[in-house]
Asker: 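Attaching a single structure in structure tokens format; questions to follow.
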There are 2 protein chains.
Amino acid sequence: MASRMDPLSLEVVELIGTVVGRYYEEYERAAAEHSLTGAQARVLGLLSLEPMPMRRIAQKLKCEPSNVTGIVDRLEARGLVERRPDPADRRVKLAAPTPDGLTTATALRDSLNFAREPLAELSADERRVLRDLLRRMLGS
Amino acid sequence: MASRMDPLSLEVVELIGTVVGRYYEEYERAAAEHSLTGAQARVLGLLSLEPMPMRRIAQKLKCEPSNVTGIVDRLEARGLVERRPDPADRRVKLAAPTPDGLTTATALRDSLNFAREPLAELSADERRVLRDLLRRMLGS
DNA sequence: CGAGTTACTTGACAATCTCAAATATCTCGG
DNA sequence: CCGAGATATTTGAGATTGTCAAGTAACTCG
């Protein structure tokens, strides 16, 4: 039972919850700055790393493929993304960022302030410790 | 520019992004287990700590009060929450969990496994260090 | 008392999400 | 090679979440 967790672990979970809240808030703010919704920003960010089929976007977002159709539709309508045929399989449509989309994706990454402000509180040594603890927590 | 951030900070941000993703996933899963949406689970969780006016729920969720109306409507329709008059101000409606709502909120907290699994990797000492780093990062 | 503010709801609309069904294409056994 | 079944995407219906503007009721204060 979570209610039997020790107070220390409970506090850590509480703190992580706060981090999650701030991160999301910051992400939505950065997306809105570019007139994008959070979902649109996430898809554009994904595609800026590597074009991919609609289905794979759905897997990354953990949602139904039919949902991705609408999100990519809106990004395409704004000229940030385009659908290309997959030469190897005519069923597949590869979503890829346009030059405009790439620019927006980069600007979006740069305006995601979350990192700077909170991490500035920590020294390099502390950041290393934090990195190692997070790595172990995530089992990487 | 975020792109000029040092590699260490970039990695920490990346790791935090992963934590955020897993936490959200886990939260939605736990909510769905009780046939609740994420938003409904968040409101029920809030109210289980302390009944509060609609307006304050909106402030906590950082959304418009009109949005809260619908979410509380659905929780009320399921008998998990009730609206009570505020004796001090007849404009205000206090949302409070029913006994059923409290039970569900507790079950929800207990089924939120996020904490256990990842934190189990860390010793008590390490958890203390993590707590202190997160506290400082969040400026509490 | 009355003007202005505050709390909540309602209605219209957009975006996100799910599910079921339709279409086009691929794959593989026979 | 052909046809059955699987796969990729889209479409359409419907629920939920979110915004904004307008409406109603109740409070506050000069």
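Keep in mind that the numbers below use all heavy atoms, side chains included, and drop hydrogens, waters and symmetry copies. Below, chain A is the first sequence line, B the second, and so on; all start at residue 1.
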Asker: Less than 4.0 angstrom between a side-chain N/O of A:R74 and OP1 or OP2 of C:dT16, yes or no?
Answerer: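 True: A:R74 side-chain N/O within range (under 4.0 Å) of C:dT16 OP1/OP2.
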
Asker: Check every atom of D:dG18, C:dA7, C:dA15 against the side chain of B:N67 and return the nucleotide holding the closest atom.
Answerer: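 So the side chain of B:N67 is nearest to D:dG18.
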
Asker: Considering every strand and a 4.0 Å limit on heavy-atom distances, what is the contact class for A:T37: base, sugar-phosphate, or nothing?
Answerer: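 Counting heavy atoms under 4.0 Å across all strands, the contact made by A:T37 is with sugar-phosphate only.
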
Asker: Counting only side-chain nitrogens and oxygens, does A:K62 get under 4.0 Å of the OP1 or OP2 atom of C:dC17?
Answerer: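 So the side chain of A:K62 is outside the cut-off, no N or O lying under 4.0 Å from OP1 or OP2 of C:dC17.
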
Asker: How close or far is atom C1' of C:dT9 from atom CG of B:D73, stated in whole angstroms?
Answerer: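 These atoms are roughly 9 Å apart.
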
Asker: So does A:R90 reach the base of C:dT25 with its side chain, donor to acceptor, closer than 3.5 Å?
Answerer: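 In this structure, the two groups form no donor-acceptor pair.
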
Asker: Could you tell me the separation between the CG atom of B:D89 and the C1' atom of D:dC27, rounded to a whole number of Å?
Answerer: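 Taking CG of B:D89 and C1' of D:dC27, I get 6 Å after rounding.
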
Asker: Figure out the CD1/P separation between B:I57 and C:dA7, and round it to whole Å.
Answerer: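 That distance rounds to 13 Å.
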
Asker: Reckon B:R56 touches a base, only the sugar-phosphate, or nothing at all at heavy-atom distances under 4.0 Å?
Answerer: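 B:R56: no heavy atom of the nucleic acid under 4.0 Å.
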
Asker: Could you state the atom-to-atom distance from CG of B:L36 to P of C:dC17 in whole Å?
Answerer: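 Rounded to whole Å, this separation is 18 Å.
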
Asker: Just call it for B:S66: base, sugar-phosphate, or nothing, with non-hydrogen atoms closer than 4.0 Å on any strand.
Answerer: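 Base contact.
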
Asker: Measure from the side-chain heavy atoms of B:C63 and tell me the nearest of D:dT16, D:dG18, C:dT10.
Answerer: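 For the B:C63 side chain, the nearest candidate turns out to be D:dG18.
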
Asker: Which pair of non-hydrogen atoms, one from A:R127 and one from A:L122, has the smallest distance, and what is that distance?
Answerer: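 Closest approach of A:R127 to A:L122, heavy atoms only: NH2-O, 2.9 Å.
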
Asker: Would you call B:E11 and A:R135 a salt bridge, using N to O less than 4.0 angstrom?
Answerer: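 Result for this pair is yes, salt bridge flagged.
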
Asker: Could you state the atom-to-atom distance from CD of A:E64 to P of C:dA21 in whole Å?
Answerer: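 Atom-to-atom, A:E64 to C:dA21, this comes out as 14 Å.
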
Asker: What about A:R91, does its side chain sit under 3.5 Å from the base of D:dT9 through a donor-acceptor pair?
Answerer: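 Flag unset: no donor-acceptor pair detected.
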
Asker: If we ignore angles and hydrogens, is there a donor and acceptor under 3.5 Å between the side chains of B:R109 and B:S48?
Answerer: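 Distance-only check passes for B:R109 and B:S48.
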
Asker: Find the distance B:K93:NZ to D:dC27:P and express it as a whole number of Å.
Answerer: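 Atom-to-atom, B:K93 to D:dC27, this comes out as 13 Å.
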
Asker: If you assign each of A:L61 and B:L94 to its closest nucleotide in DNA chain C, which residue comes earlier from the 5' end?
Answerer: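 Between the two, 5'-proximity favours B:L94.
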
Asker: Does atom CD of A:E14 have more than 12 heavy-atom neighbours from other groups under 6.0 Å away?
Answerer: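 No - once you tally the heavy atoms of other residues, nucleotides and ligands closer than 6.0 Å, there are 12 at most.
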
Asker: Just how far, in rounded Å, is P of C:dA15 from CZ of A:R42?
Answerer: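 Nearest whole value for this atom pair: 16 Å.
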
Asker: Could you tell me how far apart A:R83 (CZ) and D:dT9 (P) are, to the nearest whole angstrom?
Answerer: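 Distance, rounded to whole Å: 9 Å.
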
Asker: Please pick, from C:dT9, D:dT17, C:dA15, the nucleotide with the shortest atom-to-atom distance to any side-chain atom of A:Q40.
Answerer: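 Closest nucleotide to the A:Q40 side chain: C:dA15.
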
Asker: Taking a hydrophobic cluster as the set of Ile, Leu, Val, Met, Phe, Trp and Tyr residues connected by side-chain heavy atoms closer than 4.5 Å, whether directly or through intermediates, do B:L112 and B:Y24 fall within one such cluster?
Answerer: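 Yes; B:Y24 is reachable from B:L112 via cluster members.
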
Asker: When the nearest nucleotide of DNA chain C is assigned to B:P65 and to A:V68 on a heavy-atom basis, which residue is associated with the more 5' position?
Answerer: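 Nearer the 5' end of the strand: B:P65.
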
Asker: Will you find, in the side chains of B:D100 and B:T103, an N or O donor that is under 3.5 Å from an N or O acceptor?
Answerer: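 Their side chains do not contain a donor-acceptor pair, so the 3.5 Å distance test is not met.
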
Asker: Check this one for me: any side-chain N or O of B:T69 less than 4.0 Å away from OP1 or OP2 of C:dT9?
Answerer: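 Result: yes.
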
